[in-house]
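Quick notes on the structure that follows.
Numbers for residues simply follow the sequence, beginning at 1.
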Amino acid sequence: MVAASGLAPPRLAVSCPRAAGRGCGGHYRVGFLRSAPVALAGPAAAQLRCCASTVDDGVVSAAAAPKPRLPRVVGMGSKLIGCGSATPSLSVSNDDLSKIVETSDEWIAARTGIRNRRVLSGNETLRELSVQAAKKALEMAQVNADDVDLVLLCTSTPDDLFGGAAQVLAEVGCANAFGFDITAACSGFIIGLITATRFIKGGGIRNILVIGADALSQFVDWTDRGTCILFGDAAGAVLVQACSADEDGLLGFCVQSDGNGQKHLNCVSSHVGSILSKTNGVPSFPPKKATFSNIEMNGKEVFRFAVRCVPQSIEKALEEAGLPASSIDWLLLHQANQRIIDAAASRLDIPSDKVISNLANYGNTSAASIPLALDEAVRAGKVKAGDVIAASGFGAGLTWGSAIVKWC
């Protein structure tokens with residue numbers, strides 16, 4: 001039983017009905033309400049050293065552990081209450097590219113809808129963009145960094161191969177948060193957004209930063225006009241907050257993948273040179289030094305995949321939400337190609353004035369494209385409280401997913 005405060009008594013199991021067709025089905029699940037950790041004394045206290053928030057000279061201090069938080073409540077809804085974005089300072093136009101490869105502004109714009117893209121330069125890093133976007137999202141949401149419980153960094157191009165979420169949350173000041181990376185390229189943000197709502201519903205988490213950030217310019221062959229014209233760098237973020245179930249802003253979703261399509265869009269690892277010159281006669285040892293090749297894409301196949309699967313994915317998400325396509329206030333797709341966006345809108349019978357697109361200014365920014373476009377639309381006053389948004393990401397893997405969300 002939930003108290004008037006919205007919090008339930010600890011250590012109780014409650015039946016949490018889920019709306020038919022929502023998420024993974026219309027069955028009933030048991031929700032467990034967990035209390036905050038009980039403070040221990042004596043020998044047991046030493047076992048809490050791994051739960052502290054700071055490390056000093058390699059030793060974790062139990063005394064520095066954050067204060068116990070409010071009880072976790074399972075079965076809550078989720079709402080989007082803030083967004084932010086950041087882009088590099090260097091803008092590369094189609095005319096600039098025409099000096100590098102055989103192309104023109106007219107050729108690129110006609111085939112993609114892109115006219116400019118932002119690219120990391122100098123000392124700029126993807127981590128810095130992620131931090132800026134996250135801070136803006138927190139500012140809009142009016143949530144303190146200390147109140148963030150989880151940070152999801154959706155990226156395929158972290159500054160550190162081992163992941164960047166921990167560094168980002170530290171620089172943002174999320175002292176009480178846990179974080180990890182999600183790698184799903186252009187689908188990453190949608191998958192991260194859905195993951196955030198599941199942590200809230202199933203784990204009792206309250207505030208989650210979902211950051212989409214990529215710097216694909218680092219993996220582009222700038223002599224290949226088929227790919228170098230497409231990609232740019234950016235970061236975007238949203239703050240997802242727990243709310244009552246009847247205020248749930250995630251109305252429906254659908255996620256899918258097909259590894260058989262990987263051959264059409266990839267950036268695979270390769271091996272160059274030998275790490276050691278002397279192998280002492282051991283065959284195939286040591287392994288060669290690993291690196292990554294450039295982005296390779298079969299544009300025609302990716303286009304056919306997107307215009308077929310994206311509308312189907314959105315229709316499935318709408319079906320789970322119990323909504324018709326006419327209820328959509330805004331269509332927000334991964335900003336890959338204007339022809340894909342137009343084709344999907346046409347198949348869903350959504351007029352162009354309900355389609356959010358900033359592709360012309362930024363190109364394909366992978367996991368950053370949806371939150372970047374959303375942030376601009378919100379700050380421009382286009383997206384308003386209560387608006388229903390059909391968002392869909394698609395790309396490498398192949399992976400794709402859609403979410404029907406309500407902006408708060």
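Within the 4.5 Å cutoff, the side chain of R198 has heavy atoms near those of the L250 side chain. A 4.5 Å side-chain heavy-atom check between V310 and W400 finds every atom pair outside the cut-off. Residues D147 and R206 are not in side-chain contact: their nearest non-hydrogen atoms beyond the backbone lie 4.5 Å or more apart. Side-chain contact between D221 and C228 is absent, with no heavy atoms from C-beta onward closer than 4.5 Å. Residues V238 and V240 are in side-chain contact: their nearest non-hydrogen atoms beyond the backbone lie under 4.5 Å apart. Using a 4.5 Å heavy-atom threshold, the side chains of W330 and K382 count as touching. By the 4.5 Å heavy-atom criterion applied to side chains, I370 and L372 are not counted as neighbours. Side-chain contact between L348 and I314: present, with at least one pair of heavy atoms (C-beta onward) separated by less than 4.5 Å.
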Report task. Show your working on side chain to side chain contact (heavy atoms under 4.5 Å, CB included) between Q256 and K316 and close with a plain yes or no. Result -> CA-CA 11 Å; Q256 296 174 271; K316 289 180 180 178; 3.4 Å; yes

Report task. Take R115 and D105 through the test salt bridge (Lys or Arg N to Asp or Glu O under 4.0 Å) and record every step on the way to the result. Result -> CA-CA 7 Å; R115 293 195 178 273; D105 176 61; 2.5 Å; yes

**Report entry** side chain to side chain contact (heavy atoms under 4.5 Å, CB included) evaluation trace for V388 with W407
**Finding:** CA-CA 7 Å; V388 174; W407 181 256; over 6 Å; no

Report task. Output, in order, the C-alpha distance, side-chain angles, deciding distance and verdict of side chain to side chain contact (heavy atoms under 4.5 Å, CB included) for K201 and V74. Result -> CA-CA 5 Å; K201 183 175 288 292; V74 177; 5.7 Å; no

Requested in this report: Give the C-alpha distance, both sets of side-chain angles, the deciding distance and a yes or no for side chain to side chain contact (heavy atoms under 4.5 Å, CB included) between L152 and T195.
Outcome: CA-CA 9 Å; L152 303 178; T195 300; 4.1 Å; yes

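R304 has a carboxylate O that lies under 4.0 Å from a charged side-chain N of E301, or vice versa, which qualifies the two as a salt bridge. Salt bridge E171/R127: present, at least one basic N to carboxylate O contact under 4.0 Å. Using a cutoff of 4.0 Å between basic side-chain nitrogens and carboxylate oxygens, D95 and K99 are not scored as salt-bridged.
When all heavy atoms of A306 and I340 are compared, the pair lying nearest together is CB-CG2, 3.7 Å. Nearest approach of A245 to G75, heavy atoms of both residues: CB-O, 4.1 Å. L230 and M297 get closest at one heavy-atom pair: CD1-CE, 3.1 Å. Contact record, P158 with D181: CB-OD2, 4.0 Å, taken as the closest heavy-atom pair. Closest non-hydrogen pair, S121 versus L90, comes out as OG-CB, 3.7 Å. In terms of heavy-atom proximity, A368 sits nearest to G236 at CB-N, 4.1 Å.
Environment of NZ in K354: crowded, with over 12 heavy atoms of neighbouring residues, nucleotides or ligands closer than 6.0 Å. Remark: D353 CG is packed, more than 12 non-hydrogen atoms of other residues, nucleotides or ligands lying under 6.0 Å away. Applying the 6.0 Å contact sphere to CD of E139 captures no more than 12 heavy atoms from other residues, nucleotides or ligands.
A distance-only check finds no donor-acceptor pair linking the side chain of S402 to the backbone of A317 [under 3.5 Å]. Checked by atom type and distance alone, the side chain of Q335 never pairs as donor or acceptor with a backbone atom of T365 at under 3.5 Å. A donor-acceptor pair is defined here as one N or O able to donate and one able to accept, closer than 3.5 Å; no such pair exists between the side chain of R347 and the backbone of A343. In terms of modelled atom types and a separation under 3.5 Å, the side chain of E296 and the main chain of N294 share no donor-acceptor contact. In terms of modelled atom types and a separation under 3.5 Å, the side chain of T157 and the main chain of A215 share a donor-acceptor contact. Using modelled atom types, no side-chain atom of D149 and backbone atom of I205 make a donor-acceptor pair closer than 3.5 Å. Checked by atom type and distance alone, the side chain of D233 pairs as donor or acceptor with a backbone atom of L216 at under 3.5 Å. The backbone N or O of K384 lies less than 3.5 Å from a partner atom in the side chain of D387, making a donor-acceptor pair. Although no hydrogens or angles enter the test, the distance criterion places no donor-acceptor pair under 3.5 Å between the side chain of S346 and the main chain of D342. N176 places a side-chain N or O within donor-acceptor distance of the main-chain N or O of D146, the cut-off being under 3.5 Å.
Remark: the D214 side chain and the T155 side chain contain an N/O donor-acceptor pair separated by less than 3.5 Å. Side-chain atoms of N260 and D258 include a donor-acceptor pair closer than 3.5 Å. Using a 3.5 Å distance cut-off with no hydrogens or angles, the side chains of S257 and T399 do not pair a donor with an acceptor. Between S244 and D246, the side chains place a donor N or O and an acceptor N or O closer than 3.5 Å (distance only, hydrogens not considered). Under the 3.5 Å distance criterion, with hydrogens and angles disregarded, no donor-acceptor pair is assigned to the side chains of T112 and N337. Checked by atom type, the side-chain pair Q338/S357 shows a donor-acceptor distance below 3.5 Å.
Residue T87 is tested with R118, E124, Q132 for a side-chain hydrogen bond (donor to acceptor under 3.5 Å, both in side chains); the sole match is R118. With I211 as the partner, the side-chain contact (heavy atoms from CB on, under 4.5 Å) test is satisfied by one option alone out of S85, P371, S130: S130. When each of S366, S187, S369 is paired with H334, the side-chain hydrogen bond (donor to acceptor under 3.5 Å, both in side chains) condition holds for S369 and for no other.
With rounding to the nearest 0.5 Å, the separation of CG in L265 from CG in N298 is 9.5 Å. With values rounded to the nearest 0.5 angstrom, F189 atom CZ is found 12.0 Å from I191 atom CD1. The structure places CD1 of I356 at 5.5 Å from CD1 of I389, a figure rounded to the nearest 0.5 Å. Atom-to-atom distance recorded for L138:CG and L209:CG is 4.5 Å, nearest 0.5 angstrom. Taken from CG in L374 to CG in N358, the straight-line distance is 10.5 Å, to the nearest 0.5 Å. For the atom pair E320 CD and E315 CD, the distance stands at 13.0 Å (nearest 0.5 Å).
Both the sub-6.0 Å distance and the 45° axial angle are not jointly satisfied by R117 relative to the ring of F231.
Ring to ring, F303 and F305 are not that close: their centroids are 6.0 angstrom or more apart.
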